[in-house]
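Quick notes on the structure that follows.
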Amino acid sequence: MSESKKTKEPIEIEAPWQDKSYQPQAMEKKWQEKWEADKLYRSVINERKPKHYALTMLPYPSGDLHIGHWFSMIPPDTRARYMRMKGYNVLFPMGFDAFGLPAENAAIREGLHPMKRTFENINRMRTQMKTMGTMFDWEREAISATPEYYKWTEWFFIKLYNMGLAYRKMSPVDWCPNCNTTLAREQVWGEDRHCERCGTPVIKKNLDQWFFKTTKYADELLNFHGLDWPERVKTLQTNWIDRSEGASVIFKTEVGNHDVEIFTTRPDTLWGATFMVFSPEHPLLEEITTPGNKAAVEEYKAQAARQSDIQRGAVDKDKTGVFTGGYAINPVNNERIPIWIADYVLMSYGTGAIMAVPAHDERDFEFARKYELPVRGVIQPLADNVSKYIGETEKNLRQLFDAAEEGGAILFFDEADDLFGKRDQSENVDAKKGIIDINWLLENVNKAYIGPGVMVNSAPFNGTKVNTEKGRKNPGIAAVIDWLEEKGIGRESVNYRYRDWLISRQRYWGAPIPMIHCDVHGWNPVPEDQLPVLLPEDVEWRPTGESPLKLHPTWKNTTCPVCGEPAIRETDTMDTFMCSSWYHLRYLSPHYDKGPFDEAEYNYWMPVDTYTGGIEHATMHLLYTRFFHKALRDAGITEGNEPMLQLRNQGMVLGEDNEKMSKSRGNVIAPDVLVKRYGADTVRAYIMFFARWEMGAPWDSQGIEGSARWIRRTWHLFTDQNQTGSASDETKKNLRRKVHQTLRKVTRDFENFEFNTIISSLMELMNEMYKAREAGAAGGKEWKEAQDIYLRMLAPVAPHISEELWTNYLRKPYSVHQQDWPKVDEEAAQEDSIEIPVQVNGKVRGRVVVPAEAGEDEIKAAALASEPVQKFLEGKEPRKVIVANKRLVNIVV
RNA sequence: GCCGGAGUGGCGGAAUUGGCAGACGCGCACGACUCAAAAUCGUGUUCCCUUCGGGAAUGAGGGUUCGAUUCCCUCCUUCGGCACCA
């Protein structure tokens with residue numbers, strides 16, 4: 001408050017132009033201070049008004065605000081302002097996701113405590129956000145790295161733990177053996193995957209870590225009922241969870257007789273399993289590997305540990321693997337099959353072991369061919385289905401069939417109809433009847449067969465039809481599952497690619513996991529009255545990046561909450577996604593100390609009505625926060641099934657070189673410089689105008705001149721001496737029409753988050769107003785209405801200039817931001833006549849003007865009578881005349 | 001590699017439901033104002049042939065349709081995500 005006294009210092013204008021009357025820097029600052037003093041943007045519960053919770057993803061305090069932050073904040077800010085004018089009580093808060101790796105890395109590099117750097121950055125970024133003229137309610141600011149915040153992050157962990165949703169499991173991390181520390185993905189560099197600090201090749205290390213059972217909610221997370229979310233986000237989440245139906249089957253190891261559970265979506269191919277493949281991390285490997293294969297297996301394991309899952313999973317990559325020397329028994333036919341290991345089997349998907357059916361799985365086929373393992377077909381295809389399988393020309397298909405016939409590989413010519421029912425008898429090659437011997441096909445086509453057919457070599461299921469449906473909808477699969485369950489060797493099951501959420505981080509700068517380990521009583525949560533577990537401030541930063549919490553001499557020593565004997569604290573901290581899973585709740589009451597949030601605030605504001613942020617969060621943050629909400633709902637803490645009803649994503653702003661903005665590339669655009677040069681209103685307008693918000697675009701620093709011109713022309717439209725005159729009735733009518741058409745368009749665009757066309761519409765209206773003023777319209781009642789509506793529409797976009805013109809030039813009651821959104825006068829927006837293009841054979845040859853209320857016949861007659869059409873018809877009758885919804889006439893001759 | 005987007009003039013983009021391709025703006029060119037420059041204002045600006053006028057064009061190729069930037073198929077390029085960046 002006190003620092004606002006020294007505002008009257010001269011403002012330096014660094015613009016290439018000089019405009020004595022429009023000086024945004026001083027004017028914008030004046031209004032920002034007045035709004036703040038008047039608490040214009042303070043949002044408090046008001047039961048008399050409908051609420052609107054507009055949330056935008058909170059930034060990480062990286063240092064300075066860059067243009068990407070503006071792109072994510074300004075359009076939602078204008079929309080929040082629009083909603084306010086529409087009569088909603090709007091909550092539009094901001095905060096900082098303040099824990100995380102970069103501050104910790106900087107601390108290691110420079111020895112500066114991450115707290116210090118983080119809060120310096122926050123203060124700078126908050127100031128920058130205020131110069132943008134945003135309507136954030138700063139009294140609701142929440143910062144995830146403050147004890148008053150992370151106390152409740154810890155509290156939530158304990159709630160989830162008590163619900164049985166948190167558990168410990170061994171899980172691999174990328175590990176630098178030299179630095180003795182875990183590495184994040186971005187700290188692993190190059191194809192050879194070395195440590196960014198010391199260059200040492202990275203290895204995988206198994207650590208005991210905390211997980212949340214997100215998979216418990218997998219099915220519910222697939223349900224988007226009632227959510228107005230972009231289709232592509234729903235698709236991304238659905239594919240990310242990737243539910244697949246199939247069966248779990250127990251194979252037995254020959255050595256030790258251990259159960260090895262495998263999951264398969266194709267239990268109908270169990271009889272075709274000719275080997276098993278274990279992940280290189282599989283826990284049974286030690287025992288089943290025979291001495292003669294030990295060395296090869298160990299070497300392969302080491303090799304696999306150096307790769308990422310993405311590298312390992314790549315389908316086009318050469319399959320590699322080694323034989324363990326061990327064998328397993330296939331429970332469906334008691335066959336003895338070899339156990340291999342291969343890096344394409346991931347411990348993180350399914351059970352870490354698969355049955356390999358090379359005849360009917362692409363990857364298994366490739367593997368079997370490479371290592372000369374047997375391939376046994378168990379699904380015999382109908383000849384009809386083969387063309388797609390071989391994927392070749394008709395000629396080759398014919399040759400293949402001729403060869404098959406000659407080699408006796410086409411079977412059951414007569415039985416085919418009985419099995420599949422009567423089919424089309426037309427004599428094309430695809431419809432050739434019969435069933436082709438699968439093993440002959442595999443030899444001759446040399447790839448796995450995936451498609452419908454009849455089971456063979458699969459007693460007792462020989463002759464059973466299978467199609468391409470998944471799960472029980474497939475008769476072959478359904479029959480086999482029933483049989484497996486009856487025999488007790490398998491069961492129907494559902495598998496997800498989605499994994500439980502690993503929340504442990506071997507780092508300092510995060511919320512401590514509030515758990516205590518006692519040798520007698522195991523793991524127990526820190527008692528609630530001892531929260532928060534505070535991060536110690538006297539920590540040692542080693543250049544190797546070892547966790548300072550582990551190195552701290554005393555911090556981890558505590559007492560067991562059960563017996564009071566000495567015990568050890570968990571030294572891992574939580575994934576920062578944990579903090580950002582509930583920040584929308586902390587905004588409700590950021591300083592509340594009786595719980596994570598004040599219930600009265602929750603009941604009024606939640607759920608979030610509009611959530612905006614980058615598409616890059618589609619599968620991680622947005623799934624975590626949905627999971628979190630559902631878990632809290634089951635704990636009785638939150639209500640409803642979903643935290644955020646409507647979601648909209650903005651695209652990314654690239655540098656002028658069309659590359660992602662980064663300090664190292666030197667292509668970062670600093671908005672501070674632009675604000676100083678043009679004023680915030682111009683930068684806001686350009687942010688909205690320069691790209692489609694949903695898409696993003698490379699930055700273009702030249703284009704901002706256009707927005708600057710528009711703002712200045714707006715200024716002069718209102719502040720220049722208006723030469724009042726006598727405009728014609730037509731001029732007045734046209735002005736009103738344009739005003740209300742623009743209002744209609746701008747309103748619709750705000751509803752649809754189409755921000756760039758809001759600016760173009762306002763530019764068009766301004767150009768019209770200049771013309772109308774030229775024609776003498778200034779001063780009349782249509783002119784005054786145009787000014788009024790124009791400024792109301794401008795207010796969300798350019799809050800400062802619109803306030804100045806509204807309050808100080810039009811002398812209307814302060815503040816423009818407390819006015820209502822105007823209503824469209826549909827009658828005024830109506831056109832008198834419409835111009836309709838006339839096409840002949842799909843090409844525009846002319847146009848006719850008809851009254852707006854003209855019917856189809858009238859339009860048709862006018863089109864046919866028009867001169868260009870007559871010319872093209874040359875006396876002939878048109879074959880067809882299409883009148884498309886008063887939009888266009890097409891005449892076909 | 002897998003999943004999801006995007007591709008329209010020199011540039012950013014516009015185009016209700018399949019109906020005039022290029023709104024609005026940048027840039028550029030010419031003109032006005034000026035001693036001059038900047039700023040401002042005005043005119044023009046997809047490409048090709050050009051007298052009228054005509055032809056081509058929305059990443060490439062194909063399809064559906066009276067009509068496709070829009071729907072379908074194949075391909076190319078490019079961007080985002082892939083679980084420890086947030």
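Here is the naming used below: chain letters follow the sequence lines, and residue numbers restart at 1 for every chain. Here the structure is a predicted model, which means the values were calculated and not measured.
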Notebook entry, point to check: Which nucleotide, A14(B), C85(B), C82(B), lies nearest any side-chain atom of P102(A)?
Noted result: C85(B)

Notebook entry, point to check: Counting just side-chain N and O atoms, does R185(A) come under 4.0 Å of either OP1 or OP2 of C82(B)?
Noted result: yes

Margin query: Aromatic contact between Y686(A) and W699(A), with the criterion being ring centroids under 6.0 Å apart: yes or no?
Written below: yes

Note to self: Just to be sure I understand the rule, does D97(A) reach a base, reach only the sugar-phosphate, or reach nothing, if contact means heavy atoms closer than 4.0 Å?
What the structure shows: sugar-phosphate

Next item on the list: Check every atom of U16(B), C84(B), A86(B) against the side chain of F577(A) and return the nucleotide holding the closest atom.
Entry: A86(B)

Next item on the list: Quick one: label G842(A) by what it contacts on the DNA or RNA (base, sugar-phosphate, nothing), any heavy atom closer than 4.0 Å.
Entry: nothing

Next item on the list: Under 4.0 Å between any heavy atoms, over every strand shown, what does V173(A) touch: base, sugar-phosphate, or nothing? Just pick one.
Entry: base

Margin query: If the threshold is 4.0 Å, N to carboxylate O, is there a salt bridge linking K204(A) and D174(A)?
Written below: yes

Checklist line | Option among T573(A), T181(A), T182(A), T571(A) that satisfies the side chain to side chain donor-acceptor pair (under 3.5 Å) test with Q506(A) | finding: T182(A)

Item checked: Whole-angstrom distance between A15(B) and U8(B), as gauged at atom P -> 15 Å

Checklist line | P gap between U17(B) and G10(B), integer Å | finding: 29 Å

Check: For H621(A), which contact category applies under a 4.0 Å heavy-atom criterion: base, sugar-phosphate, or nothing?
Finding: nothing

Item checked: Candidates C41(B), G4(B), A86(B) - which lies nearest the side chain of T235(A) -> G4(B)

Margin query: Taking atom types as they are modelled, would you say the side chain of R748(A) forms a donor-acceptor pair with the base of U16(B) within the 3.5 Å cutoff?
Written below: yes

Margin query: Under 3.5 Å for both donor-acceptor distances, Watson-Crick or wobble: does G80(B) have a partner, and if so which one?
Written below: C3(B)

Check: A184(A) side chain: which of C85(B), C66(B), A86(B) is closest?
Finding: C85(B)

Check: Phosphate oxygens OP1/OP2 of A56(B): is one of them under 4.0 Å from a side-chain N or O of K843(A)?
Finding: yes

Note to self: Between the side chains of E835(A) and R847(A), is the shortest nitrogen-to-carboxylate-oxygen separation below 4.0 Å, so that they form an ion pair?
What the structure shows: yes

Item checked: Check ion pair R505(A)-D575(A) (N to O, under 4.0 angstrom) -> yes

Checklist line | Neighbours of RNA chain B within residues 501-508 of chain A, by heavy-atom distance under 4.0 Å | finding: L502(A), S504(A), R505(A), Q506(A), R507(A)

Note to self: Can you measure E754(A) atom CD to A14(B) atom C1' for me and round it to whole angstrom units?
What the structure shows: 11 Å

Note to self: For a quick test of reading the model, state the closest non-hydrogen atom pair linking A511(A) to F99(A) and the distance between them.
What the structure shows: N-CE1, 3.5 Å

Next item on the list: Starting at CZ of R744(A), measure out to CD of E826(A) and round the result to the nearest 0.5 Å.
Entry: 5.0 Å

Check: Taking the side chain of R712(A) as its heavy atoms from C-beta onward, which of U40(B), C66(B), C82(B) lies nearest to it?
Finding: U40(B)

Item checked: Base C3(B) paired with N239(A) side chain (donor-acceptor, <3.5 Å) -> no

Next item on the list: Determine the contact category for W710(A): base if any of its heavy atoms lies under 4.0 Å from a base atom, sugar-phosphate if only primed atoms, P, OP1 or OP2 are that close, otherwise nothing.
Entry: nothing

Note to self: Counting only side-chain heavy atoms from C-beta out, which of C82(B), G55(B), C20(B) sits nearest to R845(A)?
What the structure shows: G55(B)

Item checked: Rounded P spacing from A36(B) to U45(B) in Å -> 29 Å

Next item on the list: Quick one: label G651(A) by what it contacts on the DNA or RNA (base, sugar-phosphate, nothing), any heavy atom closer than 4.0 Å.
Entry: nothing

Note to self: Starting the side chain at C-beta, find the nucleotide from C84(B), G5(B), A21(B) nearest to R232(A).
What the structure shows: G5(B)

Note to self: Less than 6.0 angstrom from the centroid, inside 45 degrees of the normal: does K319(A) satisfy that with respect to the ring of F367(A)?
What the structure shows: no

Check: With the threshold set at 4.0 Å, does a side-chain nitrogen-carboxylate oxygen contact exist between K771(A) and E774(A)?
Finding: no

Next item on the list: Let me know, please, whether A697(A) or L101(A) comes out on the 5' side of the other along RNA chain B by nearest nucleotide.
Entry: A697(A)

Notebook entry, point to check: Between A6(B), A86(B), C66(B), which one does the side chain of M695(A) approach most closely?
Noted result: A6(B)

Notebook entry, point to check: So F628(A) and W501(A), would you call those rings parallel, tilted or perpendicular, with 30° and 60° as cut-offs?
Noted result: perpendicular

Note to self: Under 3.5 Å, is there a donor on one side chain and an acceptor on the other for N767(A) and R713(A)?
What the structure shows: yes

Check: Between G1(B) and R312(A), is there an OP1 or OP2 to side-chain N/O distance shorter than 4.0 Å?
Finding: no

Next item on the list: Let me have a per-nucleotide readout for nucleotides 46-52 of chain B, 5' to 3', with B, S or -, counting only protein heavy atoms under 4.0 Å.
Entry: -------

Review item, nucleotides 22-26 of chain B N/O atoms under 3.5 Å of protein N/O:
unit_1	atom_1	unit_2	atom_2	d
A23(B)	O2'	E764(A)	OE2	3.2
G25(B)	OP1	N767(A)	ND2	3.1
C26(B)	OP1	R709(A)	NH1	2.4

Notebook entry, point to check: Counting any heavy atom closer than 4.0 Å, what does R713(A) reach on the DNA or RNA strands: base, sugar-phosphate only, or nothing?
Noted result: sugar-phosphate

Check: Using a cut-off of 4.0 Å on non-hydrogen atoms, how would the nucleic acid contact of R692(A) be classed: base, sugar-phosphate, or nothing?
Finding: sugar-phosphate

Margin query: Quick test of your reading of the model: are E831(A) and K738(A) salt-bridged, counting only N-O distances below 4.0 Å?
Written below: no

Next item on the list: Classify the side-chain pair S244(A)/N495(A) by whether it contains a donor and acceptor separated by less than 3.5 Å.
Entry: no

Item checked: Distance between C1' atoms of G31(B) and C79(B) (Å, rounded) -> 43 Å

Checklist line | Base of C20(B) paired with side chain of R847(A) (donor-acceptor, under 3.5 Å) | finding: yes

Margin query: Check this for me: does any side-chain nitrogen of one of R748(A) and E754(A) sit under 4.0 Å from a carboxylate oxygen of the other?
Written below: no

Checklist line | Integer angstrom distance from the P of C11(B) to that of A60(B) | finding: 14 Å

